[in-house]
Amino acid sequence: MEVKLGLKENWQQFSLLVLVNAFVGGMIGLERSILPRLASEEFQMASHTAIFSFIVVFGIVKAVTNYFAGHFANAVGRRRLLIYGWLFAIPIPFLLMWAPSWNWIILANVLLGINQGLAWSSTVTMKIDLVGDKQRGLAMGINEFAGYLSVGLVALLTAWIANAYGIRPYPFYVGIVFVVLGLALSSIWVKDTQLFVHKAAAESSVPLLKNRFWDTSVLHRNLGAITQAGLVNNLNDGMIWGLFPILLAAKGFSLADIGLITAIYPLVWGLAQLGTGRLSDFICQKDLLVIGMLLQGVAILGLLWAEAFFVYAALSFVLGLGTAVVYPTFLASIAQNTHPTDRAASLGIFRLWRDLGYAFGAILTGILADYFELNVSIIVIGCLTVASAGVLKVRMTC
């Protein structure tokens with residue numbers, strides 16, 4: 001079999017992986033706008049820390065799964081990990097619609113974390129394998145576009161269904177469709193990309209990492225700077241996921257308005273990545289990362305003064321734009337700074353720290369909101385995001 005690197009040369013497999021990742025993203029969208037409301041209305045949970053527990057569990061499990069997905073990607077194969085990810089997803093919609101207690105919701109998010117860690121990690125790595133060096137940013141932009149556009153659209157859809165027919169069970173029927181289609185496509189048509197890794201490794205001039213974990217986490221100037229920014233990015237996303245619906249409900253917005261405002265953020269995040277991913281192939285990646293983190297920080301701090309619907313919608317837009325600037329750039333930058341044989345493991349380590357940000361963000365936000373007030377959570381998370389931009393500016397080379 002002749003192996004050619006490039007998006008055009010592998011457009012069929014690439015397109016199939018884009019579609020599969022849209023279904024992967026849709027599994028997160030099931031919960032995005034309605035689960036905090038489910039916690040307070042059906043399970044009478046008042047503590048912010050308790051409500052955010054599903055995000056903590058999801059973040060920790062996804063982070064650890066990311067690490068093992070990267071560690072075993074070469075030995076087990078990307079396609080097999082993708083299929084395993086979908087198998088873990090099968091019970092999720094049923095747990096969400098039938099849960100008699102909050103512990104069932106926690107179990108669903110354990111499985112969701114495994115699903116996302118295996119399936120999303122696999123599609124990311126496989127797309128990078130296929131396209132080669134020159135189109136990584138574009139490839140990651142398309143991948144993240146598909147995943148997070150799906151998150152936003154499904155969040156909007158489930159909020160509308162919940163508003164019209166109730167929070168359970170109807171919004172979660174969508175998840176059954178995603179699992180069936182995602183598993184079928186992955187099992188029947190997706191092909192492994194191991195041969196593409198061998199070809200890229202033979203052509204690469206990037207040195208091997210001395211210690212994959214510590215170099216990616218801290219020691220390598222570029223990789224360490226990118227990793228801390230990834231953690232902070234998901235730390236603020238964990239806050240938005242759990243806090244935004246509660247904040248908007250406290251301001252008196254309807255479930256439909258909450259669904260629309262919370263959906264703008266991942267929709268913009270998803271759509272804009274088509275352009276921002278491509279930019280990272282031509283513009284200094286350091287500059288893009290600094291700009292993106294600053295936009296996020298400013299949008300989060302702007303929540304302190306927001307009251308009207310259009311102001312929240314505008315801040316949600318800016319937050320989505322800032323995240324769209326950094327998300328594909330993170331992945332493209334990790335790939336650029338690693339040898340092909342190190343790449344899957346390094347991406348897994350980056351995604352380990354990045355997705356631990358969900359847990360750190362939810363825990364920090366919940367504690368601050370319970371012991372102080374919502375605005376204190378917003379100030380702390382916003383300032384951390386701005387500080388992360390400073391670390392990128394000082395430490396990272398272009």
request  = For this output row, return yes or no: ring centroids of Phe244 and Tyr265 closer than 6.0 angstrom.
outcome  = no
inquiry  = Under a 3.5 Å threshold, yes or no: a donor from one side chain and an acceptor from the other, between Asp281 and Gln135?
reply    = no
message = Which label fits Tyr165 and Trp160: parallel for a plane angle under 30°, tilted from 30 to 60°, or perpendicular past 60°?
response = perpendicular
CH2/Trp86: more than 12 non-hydrogen atoms of other groups inside 6.0 Å = yes
ask   = Looking just at side-chain N and O atoms, do Asn115 and Tyr84 make a donor-acceptor pair shorter than 3.5 Å?
value = no
message = Counting neighbours of CZ on Phe68 that are heavy atoms of other residues, nucleotides or ligands and sit closer than 6.0 Å, is the number greater than 12?
response = no
query = Less than 4.5 Å apart, any side-chain heavy atom of Leu392 and any of Lys286?
reply = no
query = Going by distance alone, is a donor N or O of one side chain under 3.5 Å from an acceptor N or O of the other, for Trp102 and Glu42?
reply = no
CZ/Phe317: more than 12 non-hydrogen atoms of other groups inside 6.0 Å = no
query = Do Trp353 and Phe330 have ring centroids that are under 6.0 Å from one another?
reply = no
request  = Of all the heavy-atom pairs spanning Cys383 and Leu301, show the shortest one and how long it is.
outcome  = N-CD2, 4.3 Å
inquiry  = I'd like to check Tyr67 versus Arg351 (side-chain heavy atoms, cut-off strictly below 4.5 Å). Are they in contact?
reply    = no
query = If we only count heavy atoms from C-beta on, is the Val56 to Phe360 side-chain gap below 4.5 Å?
reply = no
request  = Determine, stepwise, if the pair Asp355 / Gln116 fulfils side chain to side chain donor-acceptor pair (under 3.5 Å).
outcome  = CA-CA 10 Å; Asp355 289 329; Gln116 296 293 307; over 6 Å; no
Any side-chain heavy-atom pair of His339 and Leu209 under 4.5 Å = no
inquiry  = Is it the case that over 12 heavy atoms from other parts of the model lie below 6.0 angstrom from the OH atom of Tyr173?
reply    = yes
task = Drop me the distance from Trp269's CH2 to Phe145's CZ, to the nearest 0.5 angstrom.
result = 14.5 Å
inquiry  = Quick one, Ser346 with Thr216, criterion side chain to side chain donor-acceptor pair (under 3.5 Å). Give me CA distance, side-chain angles, the key distance, then yes/no.
reply    = CA-CA 6 Å; Ser346 194; Thr216 304; 2.8 Å; yes
query = If we only count heavy atoms from C-beta on, is the Asn143 to Gln273 side-chain gap below 4.5 Å?
reply = no
query = Does a side chain donor of either Gln285 or Ser333 reach within less than 3.5 Å of an acceptor in the other side chain?
reply = yes
ask   = Is the distance between the ring centroids of Phe172 and Phe94 less than 6.0 Å?
value = no
task = Evaluate whether atom CZ of Phe88 has more than 12 neighbouring non-hydrogen atoms of other residues, nucleotides or ligands under 6.0 angstrom away.
result = no
Side-chain donor/acceptor pairs under 3.5 Å, residues 302-311, sequence neighbours excluded:
{"residue": "Glu307", "atom": "OE2", "partner": "Lys251", "partner atom": "NZ", "Å": "3.1"}

ask   = Just by distance, with hydrogens left out, do Thr397 and Asn222 show a side-chain donor and acceptor under 3.5 Å apart?
value = yes
query = Are Gln228 and Ser388 linked by a side-chain donor-acceptor pair shorter than 3.5 Å?
reply = yes
Thr329 to Ser280 - nearest heavy-atom pair and separation = OG1-CB, 3.7 Å
task = Mark yes when over 12 heavy atoms from residues, nucleotides or ligands other than Arg395 sit less than 6.0 Å from its CZ; otherwise mark no.
result = yes
inquiry  = According to salt bridge (Lys or Arg N to Asp or Glu O under 4.0 Å), does anything in residues 18-28 pair up with another residue at least two apart or in another chain? List the pairs.
reply    = none
inquiry  = Side chains of Glu31 and Asn109: any donor to acceptor distance under 3.5 Å?
reply    = yes
task = Could you tell me which non-hydrogen atom of Gly175 sits nearest to which non-hydrogen atom of Pro93, and how far apart they are?
result = C-CG, 3.6 Å
